[in-house]
Chemist: 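My structure is below; once you've seen it, I'll send some questions.
Ligands are counted one by one from 1 in listed order, and the atoms in each one are counted from 1 as well. If you're wondering where the values come from, they're calculated on a predicted model, not measured in any experiment.
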Amino acid sequence: MKRKVLIIIVALILIVTVALSVSLLIFKSGKAVENPPEYVFLYAENQTEDYPTTLGANRFADLVYERTGGRIKVLVKYEAELGSESEVIEQMSYGGIAFARVSLSQLAEFVPEMNVLQMPYLYTDSEHMWRVLSGELGDEFLSKPESYGIVGLSWYDAGARNFYSVKPIETLEDIQGMNIRVQESAMMADMVSALGANPSKIVYSEVYSALEQGIVDGAENNWPSYESMRHYKVARYYTIDEHTRVPELQICSKAIWDNLEEADRKIISDCARESALYERRLWAEREKSSRKVAEDSGITVIELSPKEKARFREAMSEVYTKYCGDQMDMLQKIMDY
Ligand code: GCU
């Protein structure tokens, strides 16, 4: 009798479990069948999960999903999961990856006429750069990468870049002879050579170990990168010279863009611009909080004196001739904006 009751109980449990699983499956597949996204696109980002550009990407993905009624789903892959910036740009040129946020330094390697927007000591301040990017000129430059199979969608902020190293940099002589990491950018390498230092092109994700192992003595970047990639733990002297302001772009593969309906392109473009406004707000906050984290850890912050800054700037004349020689009118226009 006891055995019979036990068998009945076990049988009942099994029936309930199977019924539950089946209904769950039906619910799941029912939902998926009702609302399948028409497109699922990859978005490449090389920063950490909580970085302003990654949060901007998430905002972009959410807006696109919402405004297309779930037809277009964008999957944001951060921390360079889809490859380095130059690998991503290359893949995008033939449609391997749909979206990305990249540094203009990397895009200018494929589209050299974009270098003019990142020349050393070009902008007087952040407002100057944003006047240039927010107006007609900014739109004109967003369309330049089309020749390389890339559509520019919006501009993201990345603040000003400064040098940091294992030894203090207070004068031009201090940086001379140092091995300095630069992005995979010819212009950045020439900029560092013009200062009398030795540039080393190293991919972003490997800068921390290059500094830690003494492969380079220093690098250059904005406060949030210095902090989020933990460079401040190994390069303890941060010299504020604001040598460049390198804008960043949200981009789309033209191979994919050309196959989208006009209405979807409009939604994507609007969402990119809206997410950019959000990113700029987050950027301003993160610049301050990252600086605080680094300073609280006891790093030494050096403000380059105006006299030394003038010497750094003067050393750039050959770099300007090399990269802007045939764009002097555009350069002047940017300076006067
Ligand atoms: C910034 C930028 C990155 C870039 C990095 C670098 O952090 O946001 O996109 O890769 O500079 O120095 O390589």
Side-chain angles (χ1 to χ4, degrees), residues 43-57 76-90 92 97 99-110 114-115 117-118 120 126 129 133 145 150 152-165 179-189 191-192 197 199-211 215-216 218-232 234-235 238 241-251 275-276 279-280 282-284 286-287 289-291 293-294:
Y43 182 119
E45 168 58 66
N46 74 347
Q47 301 286 8
T48 51
E49 191 174 6
D50 67 343
Y51 201 83
T53 55
T54 312
L55 299 176
V76 178
K77 301 286 176 185
Y78 52 89
E79 282 181 5
E81 194 187 315
L82 300 177
S84 69
E85 289 183 301
S86 48
E87 287 163 350
V88 164
I89 294 170
E90 236 177 299
M92 288 178 78
I97 296 172
F99 296 104
R101 186 285 312 162
V102 293
S103 167
L104 180 131
S105 283
Q106 299 308 134
L107 199 54
E109 287 300 287
F110 301 91
M114 296 192 86
N115 271 310
L117 280 183
Q118 61 158 351
S126 169
M129 184 186 80
L133 300 179
I150 301 277
L153 297 174
S154 73
W155 297 104
Y156 269 29
D157 204 354
R161 294 175 80 101
N162 300 294
F163 287 106
Y164 43 88
S165 64
N179 296 323
I180 301 287
R181 178 272 170 172
V182 290
Q183 289 172 274
E184 295 173 283
S185 150
M187 199 288 287
M188 290 295 179
M191 173 190 77
V192 161
S200 227
K201 289 184 191 170
I202 297 175
V203 67
Y204 188 48
S205 54
E206 283 162 25
V207 182
Y208 175 85
S209 52
L211 284 164
I215 295 168
V216 289
E220 47 81 57
N221 219 319
N222 49 49
W223 284 106
S225 301
Y226 178 58
E227 175 262 318
S228 64
M229 299 303 275
R230 300 180 304 124
H231 298 172
Y232 73 100
V234 279
Y238 194 92
D241 76 312
E242 303 198 333
H243 53 271
T244 50
R245 287 186 181 273
V246 182
E248 317 212 318
L249 303 92
Q250 272 189 309
I251 52 178
S275 78
E279 189 270 349
R280 279 175 65 186
L282 296 181
W283 182 264
R286 182 67 183 250
E287 251 185 346
S289 62
S290 290
R291 178 173 181 162
V293 169

Chemist: Taking atom types as modelled, find out whether S154 and Q250 have a side-chain donor-acceptor pair closer than 3.5 angstrom.
Modeler: yes

Chemist: Name all residues meeting the side-chain hydrogen bond (donor to acceptor under 3.5 Å, both in side chains) criterion together with H243; count only those two or more places apart in sequence or in a different chain, and write none if there are none.
Modeler: E220, D241

Chemist: The criterion is side-chain contact (heavy atoms from CB on, under 4.5 Å); which residues satisfy it with Y232, sequence neighbours excluded?
Modeler: Y226, E227, R236, V293, A294, S297, I299

Chemist: According to side-chain contact (heavy atoms from CB on, under 4.5 Å), who are the partners of A197, at least two apart in sequence or on a separate chain?
Modeler: I175, I180, V192

Chemist: Is the closest side-chain donor-acceptor distance between Q183 and S105 under 3.5 Å?
Modeler: yes

Chemist: Tell me if the aromatic rings of W283 and Y156 count as close, with their centers under 6.0 Å from one another.
Modeler: no

Chemist: Please tabulate, line by line, the atom pairs linking an N/O of ligand 1 to a protein N/O at a distance below 3.5 Å, with the distance in Å to 0.1, or answer 'none'.
Modeler:
{"unit_1": "ligand 1", "atom_1": "7 (O)", "unit_2": "Q47", "atom_2": "NE2", "d": "2.9"}
{"unit_1": "ligand 1", "atom_1": "7 (O)", "unit_2": "Y204", "atom_2": "OH", "d": "3.4"}
{"unit_1": "ligand 1", "atom_1": "7 (O)", "unit_2": "S225", "atom_2": "OG", "d": "2.6"}
{"unit_1": "ligand 1", "atom_1": "8 (O)", "unit_2": "Q47", "atom_2": "NE2", "d": "2.8"}
{"unit_1": "ligand 1", "atom_1": "8 (O)", "unit_2": "R101", "atom_2": "NH1", "d": "3.4"}
{"unit_1": "ligand 1", "atom_1": "8 (O)", "unit_2": "E248", "atom_2": "OE1", "d": "3.4"}
{"unit_1": "ligand 1", "atom_1": "8 (O)", "unit_2": "E248", "atom_2": "OE2", "d": "2.6"}
{"unit_1": "ligand 1", "atom_1": "9 (O)", "unit_2": "N46", "atom_2": "OD1", "d": "3.4"}
{"unit_1": "ligand 1", "atom_1": "9 (O)", "unit_2": "E85", "atom_2": "OE1", "d": "3.4"}
{"unit_1": "ligand 1", "atom_1": "9 (O)", "unit_2": "E85", "atom_2": "OE2", "d": "2.8"}
{"unit_1": "ligand 1", "atom_1": "9 (O)", "unit_2": "R101", "atom_2": "NH1", "d": "2.8"}
{"unit_1": "ligand 1", "atom_1": "9 (O)", "unit_2": "R101", "atom_2": "NH2", "d": "3.4"}
{"unit_1": "ligand 1", "atom_1": "10 (O)", "unit_2": "N46", "atom_2": "ND2", "d": "2.9"}
{"unit_1": "ligand 1", "atom_1": "10 (O)", "unit_2": "E85", "atom_2": "OE1", "d": "2.8"}
{"unit_1": "ligand 1", "atom_1": "11 (O)", "unit_2": "R161", "atom_2": "NH1", "d": "3.0"}
{"unit_1": "ligand 1", "atom_1": "11 (O)", "unit_2": "N221", "atom_2": "ND2", "d": "3.3"}
{"unit_1": "ligand 1", "atom_1": "12 (O)", "unit_2": "R161", "atom_2": "NH2", "d": "2.8"}
{"unit_1": "ligand 1", "atom_1": "12 (O)", "unit_2": "R181", "atom_2": "NH1", "d": "2.8"}
{"unit_1": "ligand 1", "atom_1": "12 (O)", "unit_2": "N221", "atom_2": "ND2", "d": "3.0"}
{"unit_1": "ligand 1", "atom_1": "13 (O)", "unit_2": "R181", "atom_2": "NH2", "d": "2.9"}

